[in-house]
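Working notes, structure below.
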Protein chains: 2
Amino acid sequence: MRARIEDVAAAAGVSMKTVSRVFNREPNVREETRLKVEEAARRLRYRPNPSARSLAGHRSYLISLLYDNPSSNYVMEIIEGVLAACEQAHYGLTLRPVDFGRRGHVEAVESLVMQYRPDGLVLTPPLTDDAPLLRRLRELGVRYATISAKRDSSGIGVTLDERAAVADMMAHVIALGHRRIGHITGHRSHGGRAWRLAGYLDGLRRAGIEPDPELVVEGEFSFESGIAGARRLLDLDDPPTAIFGANDDTACGVLYEAAARGLRVPEQLSVFGFDDTPMSRRVWPSLSTVRQPSREMGRIAAQQLIAAISGGSAQVVRVPYQLQIRHSTAPAPPR
Amino acid sequence: MRARIEDVAAAAGVSMKTVSRVFNREPNVREETRLKVEEAARRLRYRPNPSARSLAGHRSYLISLLYDNPSSNYVMEIIEGVLAACEQAHYGLTLRPVDFGRRGHVEAVESLVMQYRPDGLVLTPPLTDDAPLLRRLRELGVRYATISAKRDSSGIGVTLDERAAVADMMAHVIALGHRRIGHITGHRSHGGRAWRLAGYLDGLRRAGIEPDPELVVEGEFSFESGIAGARRLLDLDDPPTAIFGANDDTACGVLYEAAARGLRVPEQLSVFGFDDTPMSRRVWPSLSTVRQPSREMGRIAAQQLIAAISGGSAQVVRVPYQLQIRHSTAPAPPR
DNA sequence: CTGTTAGCGCTTTCAT
DNA sequence: ATGAAAGCGCTAACAG
């Protein structure tokens, strides 16, 4: 049978509570005692029973990740990071796909919270800026960390300066001689949309280029909206020589439409995206994009959250970005 | 505060045990009594405490999904399906990325099992055919369901006739006039490799085409191996006019290499894959491939597993495939 | 710094 | 068909 805390206590010649203290890293245990306990636990291959722990401790040792599946790669990387942090802190993870657009999604989250009583949540965009959801979470008294939130609402989480990243990328493209640069935006409900648009405008302004409203078309972070956006942009009387898709999916849509028209990338059209998903390396030509350390961001968000749960201090950590210049950006064609 | 089983019992005028019976769908409860209990539970918004339930019931109500991340899209779809089944059965899900190649991976799984005591596992390829892992699981007495296992080892799970699917796809390509068809195989440790190779050979045989060993090159289900395989195949003195990549990633590598050489797909080269990942619709030209209902397969695997856990009967369910003919396959070029 | 005692909310076992 | 009592393995609260 499996060893219980009682067995460890007996083997180490201490009380159950002392073993509990050691395992929970509580203070007031002599180094010598701790070693004895650890040794006994190892010998008996003791593993605390999570159910008993939660039941007696009035906490679930569980955190939940809420996502709205913008992209599988993104979510999987976030999951990996969150999982790594959970493992280290001996927390469990539950997943919750949320249908952001659909009514009743707040109730769905509420039901998760009521049922599993997670000690905290990790939110990914666009849920990070879903006002009704955030309000309800606050009413329920659930702590949460945000990843790439437009506005910090919990003081716990992680972000990246998307605006500066895009501005940097714009500088790169402008240095290649491009003056007419199109942008297919992200979905209105995503925080990233505003940041990336702002970075696009920053880039133009810094180069002294007057923004042309015609060159900014609505998208929604999807492959399809990349195709549609590229069509509108390329059908313009004075079409752009470069297009910034608000994320890699969108940029891949642009690539697709260009190929469909027999337009050569990057010779006749430069394209760039944002996220550095694996796909950006797998398309032809490979996509210039901004690398976002998603896995790391997941890890940090969960770490901050667990720190807050454990009564420590937490913050919104800013992580660095990185430009990935590949084969989809090249000097502007002569006019 | 949160309602407990005791409160529901009091409100319904029955004992705790009766409430427990109702919630666990145990027999020996009068219809009338059950309704009373359900009504009281609804009024008090009662949710059983999962920790207490597991502690007293000696089961975790948890299943674990083990995966080795061949592709994010694939894993995410499986997760969604498994999650759907869990939800319905009031089971929790824990995730376990496993580094199949690395030594110590069996111990990593064992540690998961010892710590969380899941009531069962769901295995995805290639873990489904990892002999040392399976042996250890059996020693530990853990039940598991397999998804697309090469060999059925637990009697619980879901499969798809990959061999027949590939043979069908071959028939389609042969009907287009192709005679020299190349194949970049999957990784040796994956069950899918053998099936897909067998389907490729079936297809040739049925058309009376003598297989040419030169046309089969080793791959590993990756984009990179698709590029490498395409190079070898296209550098042949008598290169193929069509190439079957063992999965979509591989096929996308072929597309990439073809584009890099200025070879037009499908006019000069036909390409097809397997899986129908979202990417297959996003590349240019869009990829002909075999659709595998991954989400559904995840759901079924989890359902079967939970049925087995609950003492019911379970089996290996076979699900249907579907050919997706898109723009990467066309009549063979005249010789 | 360490130990004792009393639950946590549920299911089991055994009555009735 | 229903109920009473005895834990499941751990931590909280309080002693010492």
Side-chain angles (χ1 to χ4, degrees), chain A residues 1-38 40-41 44-62 90-92 114-117 119 309-311, chain B residues 1-38 40-41 44-62 90-92 114-117 119 309-311:
Chain A
M1 251 355 276
R2 195 174 175 179
R4 296 156 306 162
I5 198 172
E6 197 181 332
D7 306 322
V8 178
V14 298
S15 75
M16 279 164 56
K17 181 65 210 178
T18 300
V19 178
S20 170
R21 284 198 178 93
V22 170
F23 269 79
N24 292 295
R25 294 195 175 77
E26 282 173 40
N28 296 341
V29 180
R30 237 185 10 218
E31 181 64 19
E32 185 192 323
T33 316
R34 203 236 311 278
L35 289 174
K36 261 196 319 197
V37 171
E38 282 170 348
L44 298 176
R45 295 158 160 259
Y46 169 70
R47 311 288 184 127
N49 179 318
S51 305
R53 225 157 91 96
S54 334
L55 185 58
H58 304 283
R59 30 196 301 209
S60 60
Y61 293 95
L62 212 60
H90 296 287
Y91 265 71
M114 298 305 282
Q115 232 175 86
Y116 293 101
R117 297 268 152 181
D119 292 338
I309 291 168
S310 317
Chain B
M1 251 357 271
R2 193 173 179 179
R4 295 156 307 162
I5 197 171
E6 198 184 330
D7 305 323
V8 178
V14 298
S15 75
M16 278 163 58
K17 180 63 213 180
T18 300
V19 178
S20 170
R21 285 198 179 93
V22 171
F23 269 78
N24 292 295
R25 293 195 177 76
E26 282 172 38
N28 295 341
V29 180
R30 241 192 357 224
E31 180 63 18
E32 184 193 324
T33 316
R34 202 237 311 277
L35 290 174
K36 262 197 318 198
V37 170
E38 282 170 347
L44 299 176
R45 295 159 158 258
Y46 169 69
R47 312 287 184 129
N49 179 320
S51 306
R53 221 156 98 95
S54 335
L55 183 57
H58 304 283
R59 34 196 298 210
S60 60
Y61 294 94
L62 214 59
H90 297 288
Y91 265 70
M114 299 305 283
Q115 235 177 79
Y116 292 100
R117 298 269 153 181
D119 292 338
I309 291 168
S310 317

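Residue numbers begin at 1 in each chain, while the letters A, B, ... track the order of the sequences.
The heavy-atom pair separating A:P48 from A:R2 by the smallest distance is O-NH2, 3.9 Å. Pairing each heavy atom of B:I5 with each of B:Y46, the nearest pair is N-CE1, 3.5 Å.
The separation between A:E6 atom CD and C:dT5 atom C1' is 14 Å, rounded to whole Å. Between B:L35 atom CG and D:dA1 atom P the separation is 15 Å, expressed in whole Å. Residue B:D7 contributes atom CG, which lies 9 Å from atom P of C:dG9 at whole-angstrom precision. Between the P atom of D:dG3 and the CG atom of B:N28 lies a distance of 13 Å, rounded to the nearest Å.
By the salt bridge (charged side-chain N to carboxylate O under 4.0 Å, His left out) test, B:E6 pairs with B:R4, sequence neighbours left out. With sequence neighbours left out, B:R21 forms a side-chain hydrogen bond (donor to acceptor under 3.5 Å, both in side chains) with no residue at all.
Residue contacts shown for B:T33 are limited to sugar-phosphate atoms, with no base heavy atom under 4.0 Å away. Heavy atoms of A:N49 sit under 4.0 angstrom from primed sugar atoms or phosphate atoms, though from no base atom.
Side-chain contact check for A:R117 and B:N49: no donor-acceptor pair (N or O, by modelled atom type) lies under 3.5 Å.
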### Summary
Quick tally for nucleotides 11-16 of chain D: nucleotides whose base has a protein heavy atom under 4.0 Å get B, sugar-phosphate-only ones S, the rest -, giving BBB---

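Here the rule is side-chain contact (heavy atoms from CB on, under 4.5 Å) with A:V29, and of A:V14, A:V37, A:V22 only A:V22 fits it.
Taking the side chain of B:L55 as heavy atoms from C-beta on, and the options C:dG9, D:dA4, C:dC1, the nearest nucleotide is C:dG9.
At the phosphate of D:dG3, OP1 or OP2 sits under 4.0 Å from a side-chain N or O atom of B:T18.
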